[in-house]
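Below is one structure, written out as structure tokens; the observations come after it.
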Amino acid sequence: MIARILPHPLMSLAIFTMWLILAGTYTTASFVFAAILGLLLPPVMRPLEPEPVRLKRPLAMIKLTGVVLQDIVRSNIAVAAIILGRKKNTRTSDFIHVPIVMKSTYGLAVLSIIVTCTPGTLWVQYDPRRRSLLLHVLDLVDEEEWVKLVKTRYERLLMEIFE
């Protein structure tokens, strides 16, 4: 019975407290309104609850961490060379489409973080209908090599972890 009225008691308490702090007044009306918000908002937010995360293969997580750290160091060196002018005339930046097989929203979120944290690359857009990632690469030499890199180094490991 109480779980139906207060499905998330800590969230209700937090909303109640935050309303009082933000209102800055501690009148009866403020307490009543804070209580009403604390009771009504958590059920409204129930559809926003994410699906539970199921992590598989902890060794794949360790391997992915090592691969990402290695790629970040390598990309930092490559981007530094571009900025310092060593590869100034040979640089070609462009957008590429990478087909993605992975369906896990958590895996896609982690992939977006990995790609964006790696210097020289940027996650631009994901099209769920075409299941395609639009990626910007600062120094694009071979588009197929980048597609292969994303799929074999990141997507494959992320699928082992999340799917």
Flag, side chain of [X] to backbone of [Y], donor-acceptor distance under 3.5 Å:
{"X": "S132", "Y": "H97", "result": "no"}
{"X": "K151", "Y": "P99", "result": "yes"}
{"X": "E155", "Y": "I100", "result": "no"}
{"X": "T121", "Y": "T118", "result": "yes"}

Give, for atom [atom1] of [X] and atom [atom2] of [Y], the distance between the pair rounded to the nearest 0.5 Å.
{"X": "M18", "Y": "M11", "atom1": "CE", "atom2": "CE", "value": "13.5 Å"}
{"X": "L157", "Y": "M102", "atom1": "CG", "atom2": "CE", "value": "10.5 Å"}
{"X": "L55", "Y": "F162", "atom1": "CG", "atom2": "CZ", "value": "5.5 Å"}
{"X": "Y106", "Y": "I161", "atom1": "OH", "atom2": "CD1", "value": "15.0 Å"}
{"X": "D94", "Y": "E143", "atom1": "CG", "atom2": "CD", "value": "7.5 Å"}
{"X": "S104", "Y": "M159", "atom1": "OG", "atom2": "CE", "value": "9.5 Å"}

Any side-chain heavy atom of [X] sitting closer than 4.5 Å to one from [Y]?
{"X": "D139", "Y": "I82", "value": "yes"}
{"X": "Y126", "Y": "R131", "value": "yes"}
{"X": "Y154", "Y": "V67", "value": "yes"}
{"X": "R57", "Y": "L59", "value": "no"}
{"X": "T92", "Y": "V141", "value": "no"}
{"X": "I114", "Y": "W123", "value": "no"}

Where do L140 and I96 land on the side-chain contact (heavy atoms from CB on, under 4.5 Å) test, with the steps shown first?
-> CA-CA 9 Å; L140 182 63; I96 62 171; 3.7 Å; yes

Shared ILVMFWY cluster between [X] and [Y], side chains joined below 4.5 angstrom?
{"X": "V150", "Y": "V101", "answer": "yes"}
{"X": "L149", "Y": "V124", "answer": "no"}
{"X": "V147", "Y": "L135", "answer": "yes"}
{"X": "W146", "Y": "I72", "answer": "yes"}
{"X": "L41", "Y": "F33", "answer": "yes"}

State whether the number of non-hydrogen atoms from other residues, nucleotides or ligands found under 6.0 Å of L10 atom CG is greater than 12.
-> no

Nearest heavy atoms of M61 and K56, plus distance in Å =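 For M61 and K56, the tightest heavy-atom pair comes out as CE-O, 4.5 Å.
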
Heavy-atom closest pair (S12 atom, G38 atom, distance to 0.1 Å) is OG-O, 2.7 Å

Residues forming a side-chain contact (heavy atoms from CB on, under 4.5 Å) with L20, sequence neighbours excluded =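 side-chain contact (heavy atoms from CB on, under 4.5 Å) check on L20 returns F16, Y26, S30, F31, A34.
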
Salt-bridge contact E144-K148 (side-chain N to carboxylate O under 4.0 Å) |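 Result for this pair is no, no salt bridge flagged.
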
